[in-house]
Protein chains: 2
Amino acid sequence: MCHQCNYEELLSNAKLSATNNRIRVLEVVGNNSFPLSAKDIFNTLERNSSINRVTVYRILDLLVDHGVVERISTGGRAFYYGLAPNSHHEPHPHFYCMNCGQMDCLSPESLTVDMDDFIKTFPGQIEKMEVRIDGICKNCGNKQ
Amino acid sequence: MCHQCNYEELLSNAKLSATNNRIRVLEVVGNNSFPLSAKDIFNTLERNSSINRVTVYRILDLLVDHGVVERISTGGRAFYYGLAPNSHHEPHPHFYCMNCGQMDCLSPESLTVDMDDFIKTFPGQIEKMEVRIDGICKNCGNKQ
DNA sequence: CGTACGATGTAACATAATTGCATTTAGTGA
DNA sequence: TCACTAAATGCAATTATGTTACATCGTACG
Ligand SMILES: [Mn+2]
Ligand SMILES: [Mn+2]
Ligand SMILES: [Zn+2]
Ligand SMILES: [Zn+2]
């Protein structure tokens with residue numbers, strides 16, 4: 001849960017008008033301590049009031065394009081979404097449970113990556129780095 | 001291209017019978033210097049002689065399950081496949097071009113990750129770690 | 001041979017995401 | 001306030017990727 005982010009402010013900083021649906025999507029993404037799939041986000045929103053599935057996809061795309069939300073790949077078929085790194089959210093790695101699909105955020109210090117040399121020498125344009133651990137979460141492991 | 005791998009041997013080491021189709025799939029995966037999608041692999045195989053799309057998926061699943069092939073997630077919707085780390089293939093990060101979908105293997109030393117502390121303290125079971133850089137490759141960048 | 005089991009082929013299905021187009025909403029200026 | 005416009009949203013159809021169910025084939029072994 002993010003107590004330091006003002007979602008309308010995040011939108012306006014990204015030069016996006018703060019429509020009701022955008023705020024709702026961003027609240028669901030931001031108020032979670034772990035990334036969610038588009039379906040999770042849609043289901044959560046539907047519990048309150050109606051929204052179209054496609055609208056959720058479109059808003060997520062838009063927020064990713066504008067750097068407000070981060071699209072995270074998993075060991076599975078769907079993307080997950082979390083708040084993009086910003087002044088109070090450092091980039092960090094994730095753990096993906098191959099059994100239940102739960103994704104956890106790991107602390108930025110838990111895995112340290114040295115990419116300085118890489119950045120200096122790589123001939124292409126670097127957009128982002130993703131570090132993900134796949135495995136079986138504690139909860140799933142306990143059930144054997 | 002892997003000159004050090006004997007594909008039939010890789011299969012027998014994994015206790016898998018070396019059927020013609022399995023060898024063909026493994027050759028395509030192993031003879032490439034970069035990971036390929038299931039569709040790429042299928043298309044390559046079809047150019048020589050007929051094989052079913054589903055057979056390719058099944059063989060890839062099997063080889064991944066038996067640790068011969070590695071399933072790699074991308075910034076896109078499809079998984080890519082490469083030879084799994086083994087005695088002459090160290091684990092290494094990849095670069096994914098968000099424009100053309102080309103994935104490149106990076107040298108194991110280019111990005112160094114320290115996960116010792118993490119392994120000691122993480123309560124779940126760790127299967128693999130994936131490090132991926134997303135961006136625009138040199139080739140796509142040159143075309144603006 | 002004949003049987004059995006693993007491998008493959010084929011069609012149907014499932015899931016996640018995208019596209020095309022219609023409709024609604026919100027903003028802007030007369 | 002009203003009309004016009006552009007953006008946002010809804011809805012149906014479609015695409016991309018991967019999986020399942022079941023039939024058939026091929027081969028090892030008695
Ligand atoms: Mn996170
Ligand atoms: Mn590789
Ligand atoms: Zn789990
Ligand atoms: Zn490219």
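Residue numbering restarts at 1 for every chain, and letters A, B, ... go by the order of the sequence lines. As the structure is a prediction and not an experimental result, all values here were calculated from the model.
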Checklist entry - Which parts of nucleotides 25-30 of chain D does protein reach within less than 4.0 Å, heavy atoms only, written one letter per nucleotide 5' to 3' as B for base, S for sugar-phosphate only and - for none? => result ------
Checklist entry - Other than Val113(B), which residues form its hydrophobic cluster under the rule that side-chain heavy atoms must be closer than 4.5 Å? => result Phe95(A), Leu106(A), Leu111(A), Val113(A), Met115(A), Phe118(A), Ile119(A), Phe122(A), Ile126(A), Met129(A), Val131(A), Ile133(A), Phe95(B), Leu106(B), Leu111(B), Met115(B), Phe118(B), Ile119(B), Phe122(B), Ile126(B), Met129(B), Val131(B), Ile133(B)
Next on the checklist: Just the rounded figure in Å: distance from P of dT10(C) to CZ of Phe42(B).
Outcome noted: 10 Å
Checklist entry - Separation of Tyr80(A) atom OH from dA17(C) atom C1', in whole Å? => result 15 Å
Item to check | Nearest-Å distance for atom pair CG/C1', residues Asn43(A) and dT15(C) | outcome: 14 Å
Next on the checklist: Could you walk me through whether Gln102(A) and Cys140(A) satisfy the side-chain contact (heavy atoms from CB on, under 4.5 Å) test, starting with their C-alpha distance in whole Å, then the side-chain angles of each, then the deciding distance to 0.1 Å, before giving a yes or no?
Outcome noted: CA-CA 10 Å; Gln102(A) 171 77 34; Cys140(A) 288; over 6 Å; no
What protein N or O atoms touch nucleotides 9-15 of chain D N or O atoms at under 3.5 angstrom, if any, and at what distances?
| from | atom 1 | to | atom 2 | distance (Å) |
| --- | --- | --- | --- | --- |
| dT9(D) | OP1 | Thr19(A) | OG1 | 3.1 |
| dT9(D) | OP1 | Asn21(A) | ND2 | 3.3 |
| dG10(D) | OP2 | Asn52(A) | N | 3.0 |
| dG10(D) | OP2 | Thr55(A) | OG1 | 2.6 |
| dG10(D) | N7 | Arg58(A) | NH2 | 2.6 |
| dG10(D) | O6 | Arg58(A) | NH1 | 3.2 |
| dG10(D) | O6 | Arg58(A) | NH2 | 3.1 |

Checklist entry - Within this structure, what is the CG-to-C1' distance between Asp61(B) and dT19(D), rounded to whole angstrom? => result 9 Å
Next on the checklist: Can you measure Asp40(B) atom CG to dG18(D) atom C1' for me and round it to whole angstrom units?
Outcome noted: 15 Å
Checklist entry - Listed by chain and number, what are the side-chain hydrogen bond (donor to acceptor under 3.5 Å, both in side chains) partners of Ser107(B), not counting sequence neighbours? => result Glu109(B)
Checklist entry - Under 3.5 Å, is there a donor-acceptor pair between the Arg132(A) and Ser73(B) side chains? => result yes
Checklist entry - Heavy atoms under 4.0 Å, any strand shown: does Ser17(A) hit a base, just sugar-phosphate, or nothing? => result sugar-phosphate
Checklist outcome for this item: note: Arg71(A), atom CZ; dA16(C), atom P; distance rounded to Å ~ 15 Å
Item to check | Length of the line joining Leu16(B):CG and dC5(C):P, which is rounded to integer Å | outcome: 19 Å
Item to check | Euclidean distance, atom NZ of residue Lys39(B) to atom C1' of dG18(D) [Å, nearest integer] | outcome: 12 Å
Checklist entry - Reckon Tyr57(B) has a side-chain N or O less than 4.0 Å from the OP1 or OP2 of dT19(D)? => result no
Checklist entry - Atom NZ of Lys128(A) and atom OH of Tyr96(B): how far apart are they, to the nearest 0.5 Å? => result 12.0 Å
Checklist outcome for this item: Result for side-chain contact (heavy atoms from CB on, under 4.5 Å) between Val28(A) and one of Val25(A), Asn32(A), Asn31(A) points to Asn32(A)
Expected list for residues 52-69 of chain B: side-chain donor-acceptor pairs under 3.5 angstrom, two or more places apart:
| from | atom 1 | to | atom 2 | distance (Å) |
| --- | --- | --- | --- | --- |
| Asn52(B) | OD1 | Val54(B) | N | 2.8 |
| Asp61(B) | OD1 | Arg71(B) | NH2 | 2.6 |
| His66(B) | ND1 | Leu62(B) | O | 3.0 |

Checklist entry - Does Cys105(B) have any side-chain contact (heavy atoms from CB on, under 4.5 Å) partners at least two apart in sequence or in another chain, and if so, which? => result Pro35(B), His92(B), His94(B)
Checklist entry - Which atom pair, heavy atoms only, marks the closest approach of Ala84(A) to His89(A)? => result O-CB, 4.1 Å
